[in-house]
Structure formats: C-alpha cells, structure tokens
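Just below is one structure, and these are the notes that go with it.
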2 protein chains.
Amino acid sequence: MAIPPSASSAAGSAAAPAPGAGATFSPLYQQIKRLLTRSLQEGEWKPGELIPSEIELAARYKVSQGTVRKAIDALAAENLLVRRQGRGTFVATHHEARAQFRFLRLVSENGAPVHPESRFLDCKRVRAPSDIARQLELKAGDAVVVVRRLLLIEERPTILDEIWLHGALFKGLTAERLAEYKGPMYGLFESEFGVRMIQATEKLRAVAADADTAHLLAVAPGAPLLSVERVSLTYGDRPVEVRRGLYVTFRHYYENELG
Amino acid sequence: MAIPPSASSAAGSAAAPAPGAGATFSPLYQQIKRLLTRSLQEGEWKPGELIPSEIELAARYKVSQGTVRKAIDALAAENLLVRRQGRGTFVATHHEARAQFRFLRLVSENGAPVHPESRFLDCKRVRAPSDIARQLELKAGDAVVVVRRLLLIEERPTILDEIWLHGALFKGLTAERLAEYKGPMYGLFESEFGVRMIQATEKLRAVAADADTAHLLAVAPGAPLLSVERVSLTYGDRPVEVRRGLYVTFRHYYENELG
DNA sequence: ACGCATTTGTTCGTATGTATT
DNA sequence: TAATACATACGAACAAATGCG
C-alpha cells in the first residue's frame, strides 16, 4: 500500500508534508516507483521476467492505474523496465543486444557496432588498493576480485581491460567461469551473482602506451590510447565495479551522443 | 488544429491508418509535438521566451490539456523546452549555465566543471573540403566559415578547436564578433544567427600531437591528446557545425554518463 | 483462420495540490 | 490574498498489439 493508511481516494492529500520536518514529501507515483524498485532489488521479479500488469499493481498498492503507469514510465526511462504493448512490462536484462551497446561505446570506422571476442588473462582475489577501495566504497584491504582481459575485434587486440569487482558480491568468480560463459559479462554477473549493473560513469583521457600494454595491444610503445575508467553502479547507486580500459582507436572510435 | 476536421472528441479515431499506405499514422500528442516543434523552428517563440500555457495550447489545437502536456513532456525530455512549475514553459536557450555543460564534457580532476577562456586564432570564409561538405550535407566547394580557437583553463591552453560552420547560415560571422561576444558561442549563434544547436554526436579518439598542435597546447610533440569530432544538429536533424577539438587530458578528463 | 481476452498505449475529462507572481 | 500555471491523481473509454483457443 502507498503511504496513508487512511484515505486512498483523496489524491493530493496522500502524503502531507510534515509541518516541522523538511522535504519528507514525495508524490504518490514516486512512492510507488520506490516500492517497485525495492521489489526489483529484492528479486521478486528477476531480469527478463514479466511483472504484474498495471491493473494488478494498482490493486496491490491501492492507487489508480494512471499512477502506476507514471511510476513504470519513470523506471522504463531509467532502463530498469521495458514495456511491450500487448505483452506486458518486463524487467530489463543484459541478455539482449539492446543492453550491450549501452555499455560499450566503441564502434567501427563506419559507425557499425562491434562484436569483440574476450580473452581472459587473469582473475584473482586480492586486497583492494586504497584508490579502488575508495571508489567501491570499501575499506582499504577488503577483498576484491580483479580480472584482466583482452578484447579482440576482427582478430585484432583492441581493448585491454582491468576490472575490479566488489569482493563480497562476486565470491566464487573464477577465470574458468568467465571463459566458459557464453554471452555478455554483465549477463553473467546478473544471472550468476544477482548483481545488475544499471548505471555507470566513465572518465576518458588520452594516454601513451607503456611497454607492457603496447605489447599486448600490438601497438608501438608510446602510442596514443584512449583510457576509459568506469565506475558501475547497481540499485541504490551502490558502486560494484571499477573498470579501467585502454582502447586502440586507430580503426574504431568511442561514440557519444550529446542531447 | 490537429488532424481530423471532423470529430475532436472521439479519441483514438483521430488519425486512422490509411489502408494501403504504410506508417502514416501517428498519435495525437505526437502530431501536437510536431506542430510545437515547427513553431519553435519558425521562431514563433524564441529561446528564453515563455510559450502559451497548456490550457491555451489545448484550445488552439482543439485537444485536451493532457494531450498537450504529453507533447510538452516529450519536448522537455529532448531539452527543447523547460518547464517551471508555477511560472510556465520556456523555450530552452544556451544562455544558461545548465545548457553549457551539456555540450562541454571536460571537467577538472575533482569533477568540477571548467570555465574556459576563449582565444580566437582565426576566422575565415572558405570553400568546403569534401569531407566537411559531406558532414554538413553541402556540395564540395560550397561556402563554410572556419574558426580556430584556443580554450584556456586556469591560464593554461587546454583545447584547440577547429570549427566548421554552414556558410549560408553564418553569413557575417567574423573574428571580431566572436571576440566581442560575452557568453557562450552557442548563445551567440542562437541570438545573432537564429541557429539553435539542439543535439550533437561526438567521435572520440586518442591521437598524438603534431608539432604545430604541440606548440599551441604547450605539450611535447607526440603527446597523447583526446580528439573530439562533433557534428551538431539543429531542428530537423540538419547538421550545421562540424567541430574538431584536441583536448589536453593531463589535468582534466572527459566525463560521460552511461545509463 | 478467426475471434476473444489481456495488456499496454492514447485520449478525454475533472479535481486538487504546489509554486510563482 | 488572489490569480495563474504546472504537477499530481483519479476515472473512463477506446485503440493497437499480442497470444491463445
């Protein structure tokens, strides 16, 4: 149910602002949105699954269909839900072509999306260095999993990734499981570890390749590389992954829409 | 008025799909959205101005307030309009802090937005090279204006821009007008030339500084620079600017949100 | 192949709340 | 305080897409 145990018909009077308190008010549809988000987070509806219809949800929360609709609209705009007319509303998942390209912005010279092949170099549990710990909101020395991998596009090494994962959440992750898994890495995280990436921030820089990197990426030492440092967040804006990538941008570029 | 001269109450029957034709149907609110966009494009309401209230627009187009609201919501989501509760709905403008940061993604090490100072190096009318012509959808040899400028952040040269503008639209643009103008460049374009940038696509790469660039940006020749090639669009997705920037990313980075 | 039930999408109308002038 | 404008909420009806019998 929504907020007031009393009136459910009186629209605006639903959540009266507490006279003394500051900013405790929130519109009904945002309260519903929060309830839906919690259900998603707790796994009541899993990625790819159908959630109850608007009418059912309206009955469950004792609000109008329109209010549920607005809450769902907001979640769909954040890519947490996907609406399909005539079929229902589904929990978004990384197991679809759509979701991939939201998190991989490198495209071919002609603008075509790329389909990289993964080669895992390394996967270890270690104690978090202080900078990683800070970004993952852990204490320095807490456990993290670090994965190194090379992405090849059309047989050519193009991206060198170093991926740091929240240790407690990714217990049991090994190089074998990564190598065996068919499909996107975030799909594995979602299905096998119940951790869904829903948002990320990237910091981009141009850097010069050091000797080791140059060797792995088959470029000259000192060659310019695009450095992409990503922090990925799950529900509740909790950071769960830090990813440092070095991209060869001779035959590809990073595409970004400003709008 | 919307589409059907006949019924205005019968909701869904508004635009019946022509049986033989393909995809001529569009919901009412999208038709209204298109009409609003046309009024924006034609300058009926200028950047920064207040547009008529939802109720007035509903009367004008003979639709319900809710339908107007949905059209405005869509335009606000595309940053063409800005809603302000209690005041009205305004045409978006580049003369506000908000709009700046949508088109300048470089931020300080600590994430703070930067306030660069412009130094104009050059401004000429020339015939478009073929690659620029193609990107601006002109014929090779058509007139374009090319501007070169240096952006300094905290006294240090940080961005070298080469800006190619649609010649016919920017007739009369000179280095003096650029230098005199107080405020953002896109603000000048909007106020003085009636050209509003509403969207852009950027292609990012890492490149090595050549000798001239290195000198202007005060870095070593061969230093890694972030290359940002932007194509900016105005109403109707018409390209009107190609901008090639080289960014020094030692003390700053390009920030991007994925989500 | 057809029709029916279900579900989201669109549209209208109305009332009330909140913010601004 | 009053008027105006956007924001929220409810209810009702029909359209369009889908899936099933």
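Below, read A as the first sequence line, B as the second, and so on, with proteins coming before strands; counting in each chain starts at 1.
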Within this structure, what is the [atom1]-to-[atom2] distance between [X] and [N], rounded to whole angstrom?
| X | N | atom1 | atom2 | result |
| --- | --- | --- | --- | --- |
| B:I55 | D:dA7 | CD1 | P | 13 Å |
| B:Q85 | C:dT18 | CD | P | 9 Å |
| A:R84 | D:dA16 | CZ | C1' | 17 Å |
| A:K62 | D:dA9 | NZ | P | 17 Å |
| A:K33 | D:dA9 | NZ | P | 13 Å |
| B:L28 | C:dC12 | CG | C1' | 10 Å |
| B:E54 | C:dT11 | CD | P | 15 Å |

Can you check whether B:R83 has a side-chain N or O nearer than 4.0 Å to OP1 or OP2 of D:dA5? no
Choose from C:dT18, C:dT10, D:dT8 the nucleotide whose nearest atom is closest to any side-chain atom of A:Y29.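 It is D:dT8.
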Among the nucleotides C:dC12, C:dA19, D:dC10, whichever has the atom closest to the side chain of B:V63 is C:dC12
Check A:S39 against A:Y61 and note the closest heavy-atom contact, atom names and distance.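 So the minimum-distance heavy-atom pair works out to OG-OH, 4.3 Å.
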Closest approach of B:A200 and B:F103, non-hydrogen atoms and distance?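 Closest pair (atom of B:A200, atom of B:F103, distance): CB-CE2, 3.9 Å.
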Output yes when [X] and [Y] qualify as a salt bridge under the 4.0 Å nitrogen-oxygen rule, no when they do not.
| X | Y | value |
| --- | --- | --- |
| A:E192 | A:R177 | yes |
| B:E255 | A:K203 | no |
| B:R149 | B:E117 | no |

Which residue pairs pass the salt bridge (Lys or Arg N to Asp or Glu O under 4.0 Å) test when at least one of the two sits in residues 34-52 of chain A, sequence neighbours left out? A:E44-A:R60
Cationic tip of B:R196 within the cone over B:F189's six-membered ring, i.e. under 6.0 Å and within 45° of the normal?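 The answer is no; the distance or angle limit is not met.
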Pull out every residue in [range] that has a heavy atom closer than 4.0 Å to any atom of DNA chain D, ordered by number, or say none.
| range | answer |
| --- | --- |
| residues 66-73 of chain A | A:T67, A:K70 |
| residues 86-94 of chain A | A:G86, A:R87 |
| residues 36-52 of chain B | none |

Going by salt bridge (Lys or Arg N to Asp or Glu O under 4.0 Å), name the residues that satisfy it together with B:R105, two or more places apart in sequence or in a different chain. none
What residues, two or more places apart in sequence or in another chain, satisfy salt bridge (Lys or Arg N to Asp or Glu O under 4.0 Å) together with B:E56?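 For B:E56, no residue satisfies salt bridge (Lys or Arg N to Asp or Glu O under 4.0 Å) once neighbours in sequence are set aside.
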How are the rings of A:F101 and A:H115 set relative to one another: parallel (under 30°), tilted (30 to 60°) or perpendicular (over 60°)?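 Taking A:H115 first and then A:F101, their aromatic rings stand perpendicular (interplane angle over 60°).
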Parallel, tilted or perpendicular: which describes the rings of A:Y254 and A:Y247, with under 30° parallel and over 60° perpendicular? tilted
Between B:D73 and B:Y29, do the side chains contain a donor N or O and an acceptor N or O under 3.5 Å apart?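 Looking only at side-chain atoms, B:D73 and B:Y29 do not form any donor-acceptor pair under 3.5 Å.
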Taking for each residue the nucleotide of DNA chain D bearing the nearest heavy atom, is the 5' side occupied by B:E56 or by A:Q30? B:E56
NA contact type, A:Q65, heavy-atom cut-off 4.0 Å: base, sugar-phosphate, or nothing? base
